[in-house]
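Whatever order the structure lists ligands and atoms in, that order sets their numbers, starting from 1.
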Amino acid sequence: MKNIVLIGMMGSGKSSVGKRLAHNLDRPFVDTDSLIEQRESRSIPEIFELYGENYFRKLERDIVREISESDNLVIATGGGIVINSENVHNLKQRGEVFYLRNGIDALEKRLSENTEGRPLLNGQELRATLEKLLEKRESLYIESADRVIDNDDLEATVNLIKRLVNEEMEESS
Ligand code: S3P
């Protein structure tokens with residue numbers, strides 16, 4: 001079965017949705033940020049601080065290359081995965097890509113409770129930073145996605161993706 005790939009901004013709930021989906025569909029769950037942390041034995045903020053964003057993006061690219069060889073996974077990606085078109089190309093090889101779309105208000109609300117672990121937000125004015133990132137990335141998310149999911153409620157998002165994936169499986173069988 002094709003991978004289910006979740007893309008979207010920081011704070012869009014990719015990991016929470018992904019874990020629940022994987023559990024419900026009985027599939028393995030992977031998270032690109034966690035794989036990077038495991039490989040480096042360092043947290044994402046440490047990697048940014050010690051080696052910089054470009055280094056992190058290379059690690060991200062390598063991890064995407066590797067996991068794109070598998071199938072049947074539920075994959076939560078880092079918010080910047082779409083910056084590199086190679087990542088999108090690789091993820092789409094064996095995956096269906098879902099953009100979890102949220103407006104600025106919802107992202108700000110979720111992230112204001114916790115920006116820790118997100119070096120691009122640290123010490124920055126949250127709303128202005130999110131606006132800038134979303135402006136740069138929104139079109140990339142939309143172009144990269146097979147489906148855009150308006151992600152107002154995590155549980156509803158999980159159920160919708162589950163239904164879409166099951167429908168597609170029935171159609172192809
Ligand atoms: C980033 C998002 C983070 C993480 C890194 C960079 C981004 O992942 O990959 O801090 O560029 O948007 P989450 O989207 O899981 O927070």
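Under the 3.5 Å distance criterion, the side-chain polar atoms of T115 are left unmatched by any main-chain donor or acceptor of L111. Side chain of D150 to main chain of N102: no donor-acceptor pair is present (N/O by atom type, distance under 3.5 Å, no hydrogens or angles).
Considering backbone and side-chain atoms alike, G79 places an N or O below 3.5 Å from some N or O of ligand 1.
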message = side chain to side chain contact (heavy atoms under 4.5 Å, CB included), that's the test. Do T129 and K132 meet it? Break it down for me.
response = CA-CA 5 Å; T129 309; K132 252 192 253 155; 5.8 Å; no
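Ion pairing of R65 with E86 is present here, as a side-chain N (NZ or NE/NH1/NH2) and a carboxylate O approach within less than 4.0 Å. Salt bridge status for R147 with E168: present, with a side-chain N to carboxylate O gap under 4.0 Å.
Considering only non-hydrogen protein atoms, atom 9 (O) of ligand 1 sits nearest to D33 OD1, 2.7 Å. Atom 14 (O) of ligand 1 has K14 NZ, 2.5 Å as its closest protein atom, hydrogens excluded (heavy atom only).
The heavy atom nearest to atom 12 (O) of ligand 1, out of those in R137, R57, R118, E37, is found in R137.
Atom numbering of ligand 1 starts at 1 in the shown order; those under 4.0 Å from a heavy atom of P119 are 10 (O).
Counting heavy atoms closer than 4.0 Å to ligand 1, residue T32 contributes nothing at all.
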